[in-house]
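Single-structure report; data block below.
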Amino acid sequence: MSSKPLDYENLNENVKKCQYAVRGELYLRASQLQKEGKKTIFTNVGNPHALGQKPLTFPRQVIALCQAPFLLDDPNVGQLFPADAITKAKHYLSLNSGGLGAYSDSRGIPGVRKEIADFIERRDGYPSDPEHIFLTDGASKGIMQILHTIIRGPNDGVLVPVPQYPLYSATISLYGGSLVPYYLEETADWGLDINDLRQSIEQARQNGITVRAMVIINPGNPTGQCLSEQNLRQIIQFCHEENLVLLGDEVYQQNIYQDAHPFISARKVLFDMGPPISKELQLVSFHTVSKGYWGECGQRGGYFEMTNIPPKSVEEIYKVASISLSPNVPAQIFLGLLANPPKPGDISYEQFTRESKGILESLRRRAHIMTDGFNNCKNVVCAMYSFPQIQLPPGAIDAAKKLEKAPDVFYCLKLLEATGISTVPGSGFGQKEGVFHLRTTILPAEEEMPSIMASFKKFNDEFMVQYE
Ligand SMILES: Cc1ncc(COP(=O)(O)O)c(CN[C@@H]2CONC2=O)c1O
C-alpha cells in the first residue's frame, strides 16, 4: 500500500520537530492515571477555573445577557441582573452588528480596541492607537502570528529567555526559524545580564543566524521574576542597538504577589526614554484574559499592540488576520471588560473589587505557602508558577539514564505516580546543563495546599534518600 499524504513519514518536518512540554509526557501520563480513577492534581497548566477558581460574577452576567439578548426584553431581567450589567451588555451588543453570532472585523471590534487603547493609556500615561491593537484567540494566536511574520527562513533567529514558556520554542520550530537562547540567572532572582545577551547574539551571528527579534516574558513564566525598570531600559537600548523587534509578553501583569518589584510595561519604559529611541524601536506587546484574577483561559481572549510598526506591515498583518475571518466575539467582550471593569459608584463595583482582590490575595497566600513548602524540602530551592530547583542525587541521574529519560522527567514521573501531582519538568522550559527544576502552578485550592505540600515533601525527602 503506497504511503499516503497524512502518514507520519509524509508530514511537514517542522510539525514533527516542534514540542510543547506543558501538555507533554507528564500531562499525558497524568491523564491516563485520571482515566484509571487515580486522584491527580493538574498543576502543570495555569488553568485556574479547572482547579476551582470561581469566575468573576460581573463579566459572566454581561456575557450571559450578550449571549441571550432576548433576556434583555424580559420584564424580570432587573430581578436577576444588576442595572450596570444590563447597560454593559447593551453597549457591547451595539458594537458588533449581529451581536455575538456575527463575525467582527478581523482585527477585532473597533469599539473594544478603543477601550483597550484607553486602558493602555491609563496604565502607561501615553496615548495608544486602536488601529495598532489586534484582538486574537488568546495571546497564543497573536504571538504565533507575529513570530510567523518575522521568521523568513531557518537562518532567522529569535532571542528567547531560558527557562522559557515553550509556546516560543514550539512556534519558532513550527515556522522553521532558529531559537537563540539567553539564560536568566537563577542566583540573581532570574534576572538577566546584558552581557549574556551580547554573547548569545554574537554566538548566533557566528553560526550564520540573523537575529531579528527578542522575546521578554515579564512577569516571567516559569520563573516568576518581574523585570526592573532599569533592566527594561537596558533591554530596549540593546534591541535598538542590535536592530531587533522587542516582543513583550506581559500576560501576567496582574499577577504580582510582592511589592518590591511592581510591573511596568515595556511600552511605558520605551516612551519614558523619549526620542529617538521611542520613535524607532519596534515593539509588540501581548496581553490576555487567561491570567490575572480573571483566569478566563477557555474564553480565548487576547490582544497585541504594535508600537512603531510601519503602516504597510500593519496592513500585511491585518491581511493575514483576515484569513481566519474574525477573533472569537464573546472573548472580545471579556477583553473590553478587562480594559473597562466596574468603576467606583457602579452598582457592581464593590462586588467586582471584593472578588478580584480576594482572588489576588489568595494567589499571594498560595504563592507563599508553596514557596515555603518547597524550601522546607530536602534539596529543593523555590520563586502564578513555582519553579523550584531540584538538586537530584547521582543515583537519580543514573536511574534516569538507564530509562533514557531526562533526570527531571524521571523525578516528575516518580512524583506523579507517588502523589498524583502533575507538574512539568524544567527541561520542558530549558535550563542550564546539570541544573534541574520542575514547574508547578500555585493554583490548587488554598485549603488543599498544605496537604499537597505535605505529600510533596514526603515523596521528595524519601526520593532523595532512596537515590542518594
Ligand atoms: C507567558 C505566556 N504567554 C502566553 C500564554 C498564552 O495565553 P493565552 O491563554 O492567552 O493563549 C501563556 C499561557 N500559559 C500557559 C497555559 O497554562 N500554563 C502555561 O504556562 C503564557 O504562560
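Since we're looking at a predicted model, the values are computed, not measured. As the structure lists them, so they are numbered: ligands from 1, and atoms in each ligand from 1.
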Exercise. Output the list of atoms in ligand 1 that are nearer than 4.0 Å to some heavy atom of Gly46, sorted by atom number.
Key: 17 (O), 18 (N)

Quiz prompt | Residue Ile217 vicinity, atoms of ligand 1 by number, heavy atom under 4.0 Å | solution = 1 (C)

Exercise. Over 60° means perpendicular and under 30° means parallel, so classify the ring planes of Phe304 and Phe134, tilted if in between.
Key: tilted

Self-check item: For atom 12 (C) of ligand 1, the option (of Tyr20, Tyr165, Phe429, Tyr168) bearing the nearest heavy atom
Solution: Tyr165

Practice problem: For salt bridge (Lys or Arg N to Asp or Glu O under 4.0 Å), just list the numbers for Lys16 and Glu13, CA-CA rounded to whole Å, side-chain angles, deciding distance to a tenth of an Å, and then say yes or no. | Solution: CA-CA 5 Å; Lys16 292 191 277 186; Glu13 284 307 319; 3.1 Å; yes

Quiz item: ligand 1 and Cys297, any nitrogen or oxygen pair closer than 3.5 angstrom?
Solution: no

Quiz item: If you measure from each non-hydrogen atom of Lys141 to ligand 1, which part falls under 4.0 Å: side chain, backbone, both or neither?
Solution: neither

Practice problem: Using a strict 4.0 Å cut-off to heavy atoms of Thr288, name the atoms of ligand 1 that fall inside it. | Solution: 8 (P), 10 (O)

Quiz item: Are any of the side-chain nitrogens in Glu242 or Arg212 under 4.0 Å away from the carboxylate oxygens of its partner?
Solution: no

Quiz item: Between Asp156 and Arg152, is there a side-chain N and carboxylate O pair less than 4.0 Å apart?
Solution: yes

Exercise. Classify the contact between Phe286 and ligand 1 as side chain, backbone, both or neither, using a heavy-atom distance cut-off of under 4.0 Å.
Key: neither

Practice problem: Enumerate the atoms of ligand 1 whose separation from the nearest heavy atom of Ser290 is less than 4.0 angstrom. | Solution: 8 (P), 9 (O), 10 (O)

Quiz item: Short list, please: which atoms of ligand 1 are under 4.0 Å from a heavy atom of Arg300?
Solution: 8 (P), 9 (O), 11 (O)

Quiz item: Got a donor-acceptor contact below 3.5 angstrom from the Ser200 side chain to the Pro181 backbone?
Solution: yes

Quiz item: Is Arg107 positioned over the aromatic face of Tyr318, cation under 6.0 angstrom from the ring centre and no more than 45 degrees off axis?
Solution: yes

Self-check item: Enumerated ligand 1 atoms positioned under 4.0 Å from heavy atoms of Gly138
Solution: 10 (O), 11 (O)

Exercise. Please confirm whether Asp249 comes under 4.0 Å of ligand 1, counting heavy atoms of the residue only.
Key: yes

Quiz item: Parallel, tilted or perpendicular: which fits the ring planes of Phe387 and His437, with parallel below 30° and perpendicular above 60°?
Solution: parallel

Quiz item: In the protein, what heavy atom is nearest to atom 7 (O) of ligand 1, and what distance, to one decimal place, separates them?
Solution: Ser140 OG, 3.9 Å

Quiz prompt | Aromatic contact, Tyr20 with Tyr27 (centres under 6.0 Å) | solution = no

Quiz item: Has ligand 1 got any nitrogen or oxygen that is less than 3.5 angstrom from a nitrogen or oxygen of Asn221?
Solution: yes

Practice problem: Only counting residues at least two apart or in another chain, list the ones meeting side-chain hydrogen bond (donor to acceptor under 3.5 Å, both in side chains) with Ser285. | Solution: none

Quiz item: Which part of Arg439 is near ligand 1, with near meaning a heavy atom under 4.0 Å away: side chain, backbone, both or neither?
Solution: side chain

Quiz item: Counting each atom of ligand 1 from 1 as listed, which ones have a heavy atom of Tyr252 under 4.0 Å away?
Solution: 1 (C), 14 (N), 21 (C), 22 (O)

